[in-house]
Amino acid sequence: MDINDIVKGGDERIKLKENGLNKHHGNPLIYESVFNRGSCTMSNLNVDSKKAVEGMLKKLKKEDYDKLLIQQQKQLKKLIDVNSLNDFDIFYAPSGSDLCYFPIMFSRIINPDKKIFSVVTCPEELGTGSNTAIKGEYFFGTNQFEENVSKNDIIHHDIIIDQQAFSARDDQGNILNHKSDILQIIDEKSSTNQVIANLVIGSKSGIVDNISMIPRANENCFWVIDVCQMRTTQKLINNLLRLNCMVMLTGSKFYQSPPFCGALLVPKSISSKLVNIQDSAIEPFLKIFSTSDIPLNHPKLRSKFRHNENYGTLLRWEAAISEMKLLSFFGEDMVTMAVDRWNAFIISQLQIKSNYFELMPDQQFTNRSIVSFNVKHPNGSLLSDEELRVLYLEICAKERNDFFDFKKIIIGQPVKYDNKSFIRLALGSYNVRKLIANDFDFQFDKKLISIIIMELKKSYWS
């Protein structure tokens, strides 16, 4: 094994093609000339996380995989639950989207005779993979065993999931509050269904769902909170665990690990019920999960899956954990201040260039490490999703020679809502550390905005 294993053990999105790049036009191993303001998906190693990964590779040559897996998850648990107030298990998965299958599996183990009803918020601002997995369908064409499956097929004929989705925004881009409607439908469906309610804390544009509804809902509801962006505080994650929520994390968003790596935090109040495990309950998930994903303190459940040492997931989480440690040295107040200063600068620049850009509504209700905005035609109309994707590729898919020493730019991919679309600039942990070290010099961000304008003019203003 070597550092190239970091792009293995997942689905087809992480595989490097003949041109040396993955589906998202990047190579996680090439980082020295990359300027990253992307919110997810295409993060690279950096000089620090690469050292951490190389350290893990050395350990893997001498020590047992399962032992290192336990040690790594203990580190992750300590970084999340600093006061050891919560008792929870960590389930791994090759990506955040894979995590969505776990609550379905838990439902089949704990309540095998109940149908499943799924409530989903912000579907248009979740990854397409998550939306597909929540429905019990394959979101991928290749699994962690490098076997092919039929993408978008249902994972098993026994998996039938009814669903109600609640849109993130209205047709003007304003954020919607569905609290009362969600509580009503959970109450209506809970008597005959295992309800799985999927909320999001940090969508693609940083939307935060109203978690005050959780204690008011039917006590049998499975709450699954998508915190995959990891743009939140330890306090909030621990509050969610105390509310008996399952919490979905990834290391490849804010903490900028190479994509992808997922972890589901499962309160012991739920995982302790995973005891009466029938083969029929597990069968739909045998092409999705392996022993590397199931905690070692669940030997009966683990024994139901194929043995696999997923080095890719282990290495990607090692990169993320190294970033979590390094950022923690600065303290929450310093990190918050750095993000706030960057946010204020980006918003001011976009407002100064209002001929070209229009901020998305309700920025105050989204995470400040992401700024979302529309892009304009000369007549003031907004670029369509298709037009914005062309612009995105002009900015991100090509090597450049006009951006200081950087050869490559990463920004957030377009997000479609109604018949419109927006793009995003975002900070990750390494970016925050660099800004603090450089005394908040925003010259690169200013130049990035000028490059977006230049590419816009070339494509749509000429």
Side-chain angles (χ1 to χ4, degrees), residues 7 13-50 204 252-253 256-259 342 345-350 352-353 355-357 369-378 383 385-415 421-435 437-438 440-462:
V7 295
R13 293 172 297 173
I14 67 173
K15 187 176 181 180
L16 299 184
K17 297 181 288 189
E18 288 182 4
N19 63 1
L21 306 177
N22 63 19
K23 183 182 176 183
H24 301 286
H25 316 290
N27 183 334
L29 300 171
I30 300 172
Y31 59 88
E32 291 173 327
S33 58
V34 177
F35 185 75
N36 191 343
R37 287 294 183 267
S39 60
C40 56
T41 306
M42 192 48 254
S43 288
N44 305 68
L45 288 172
N46 60 57
V47 64
D48 299 310
S49 60
K50 186 180 179 185
K204 288 183 177 181
S252 55
K253 309 272 193 311
Q256 295 185 298
S257 162
W342 175 84
F345 177 82
I346 294 296
I347 286 178
S348 68
Q349 290 296 303
L350 295 174
I352 290 168
K353 306 293 186 181
N355 286 347
Y356 308 104
F357 306 118
S369 63
I370 303 176
V371 179
S372 305
F373 55 99
N374 299 114
V375 185
K376 295 180 179 180
H377 288 290
L383 267 64
D385 183 63
E386 185 178 340
E387 290 171 327
L388 206 51
R389 288 183 185 281
V390 171
L391 178 64
Y392 169 83
L393 291 176
E394 290 297 319
I395 296 164
C396 299
K398 300 176 179 178
E399 284 206 351
R400 314 194 66 88
N401 57 12
D402 58 356
F403 191 21
F404 302 99
D405 292 331
F406 299 108
K407 299 295 183 188
K408 184 105 175 153
I409 293 172
I410 299 171
I411 65 171
Q413 290 181 313
V415 176
S421 189
F422 60 85
I423 52 176
R424 302 150 289 154
L425 302 181
L427 282 186
S429 58
Y430 180 70
N431 308 140
V432 171
R433 294 197 291 117
K434 292 290 285 185
L435 280 176
N438 294 333
F440 302 100
D441 183 349
F442 296 117
Q443 63 169 324
F444 298 144
D445 291 280
K446 189 172 184 177
K447 178 66 174 175
L448 171 59
I449 291 171
S450 73
I451 286 174
I452 296 173
I453 292 172
M454 180 187 72
E455 296 293 357
L456 170 66
K457 285 181 172 180
K458 280 164 49 178
S459 297
Y460 298 111
W461 281 57
S462 56

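A salt bridge is defined here as a Lys NZ or Arg NE, NH1 or NH2 lying under 4.0 Å from an Asp or Glu carboxylate O, and Glu455 with Arg400 meets this definition. A salt bridge links Arg433 and Asp48; the closest N-O separation between the charged side-chain nitrogens and carboxylate oxygens is under 4.0 Å.
A pairwise comparison of heavy atoms in Ser33 and Asp405 identifies CB-O, 3.9 Å as the closest pair. Of all the heavy atoms in Ser257 and Ser43, the pair that sits closest is O-CB, 3.3 Å. Smallest separation of non-hydrogen atoms from Gln256 and Tyr430: OE1-N, 2.9 Å. Pairing each heavy atom of Asn431 with each of Ala426, the nearest pair is OD1-O, 4.2 Å. Of all heavy-atom pairs between Ser421 and Asp385, the closest is OG-OD1, 2.7 Å. Smallest separation of non-hydrogen atoms from Arg424 and Ser372: CG-OG, 3.5 Å.
Distance CZ/Phe345 to CG/Leu435: 10.5 Å, rounded to 0.5 Å. To the nearest 0.5 angstrom, Asn401 atom CG is 6.0 Å from Lys407 atom NZ. Atom-to-atom distance recorded for Leu456:CG and Lys353:NZ is 12.5 Å, nearest 0.5 angstrom. Ser369 contributes atom OG, which lies 11.0 Å from atom CZ of Arg37 (distance to the nearest 0.5 angstrom). Atom CZ of Phe440 sits about 13.5 Å away from atom NZ of Lys434, to the nearest 0.5 Å. With values rounded to the nearest 0.5 angstrom, Leu45 atom CG is found 6.0 Å from Leu29 atom CG.
Side-chain contact between Asn36 and Lys408 is absent, with no heavy atoms from C-beta onward closer than 4.5 Å. At least one side-chain heavy atom of Glu394 sits less than 4.5 Å from a side-chain heavy atom of Ser459. Contact check for Lys457 versus Ile453: side-chain heavy atoms found under the 4.5 Å cut-off. At least one side-chain heavy atom of Ile410 sits less than 4.5 Å from a side-chain heavy atom of Val34.
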TODO: Start with the C-alpha distance between Phe35 and Phe404, add both sets of side-chain angles, then the distance that settles side chain to side chain contact (heavy atoms under 4.5 Å, CB included), and finish with yes or no.
DONE: CA-CA 10 Å; Phe35 185 75; Phe404 302 99; over 6 Å; no

TODO: Tell me, with the steps shown, if Phe357 and Ile423 meet side chain to side chain contact (heavy atoms under 4.5 Å, CB included).
DONE: CA-CA 10 Å; Phe357 306 118; Ile423 52 176; 5.8 Å; no

- [ ] Just do the side chain to side chain contact (heavy atoms under 4.5 Å, CB included) check on Ile411 and Leu448 with the steps written out, would you?
- [x] CA-CA 10 Å; Ile411 65 171; Leu448 171 59; 4.2 Å; yes

TODO: Start with the C-alpha gap between Val7 and Asn22, add the side-chain angles, then the distance that decides, and say whether side chain to side chain contact (heavy atoms under 4.5 Å, CB included) holds.
DONE: CA-CA 9 Å; Val7 295; Asn22 63 19; over 6 Å; no

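A donor-acceptor pair under 3.5 Å is absent between the side-chain atoms of Lys447 and the main chain of Phe403, judged by distance alone. Listed for the Arg389 side chain is a donor-acceptor partner under 3.5 Å among the backbone atoms of Pro414. With hydrogens and angles ignored, the 3.5 Å screen pairs no side-chain donor or acceptor of Asp441 with any backbone N or O of Asn438. Although no hydrogens or angles enter the test, the distance criterion places a donor-acceptor pair under 3.5 Å between the side chain of Asn44 and the main chain of Ile30. Under the 3.5 Å distance criterion, the side-chain polar atoms of Tyr460 are matched with a main-chain donor or acceptor of Glu387. Between the side chain of Asn27 and the backbone N or O of Gly20 there is at least one donor-acceptor pair closer than 3.5 Å. Looking only at distances, no side-chain donor or acceptor of Trp342 sits under 3.5 Å from a matching main-chain atom of Phe442.
The aromatic ring centroids of Phe373 and Phe422 lie 6.0 Å or more from each other.
Tested against Gln349, the residues Ile346, Ile347, Ile352 include a single side-chain contact (heavy atoms from CB on, under 4.5 Å) partner, Ile352.
Atom CD of Gln443 has more than 12 neighbouring heavy atoms from other residues, nucleotides or ligands inside a 6.0 Å radius.
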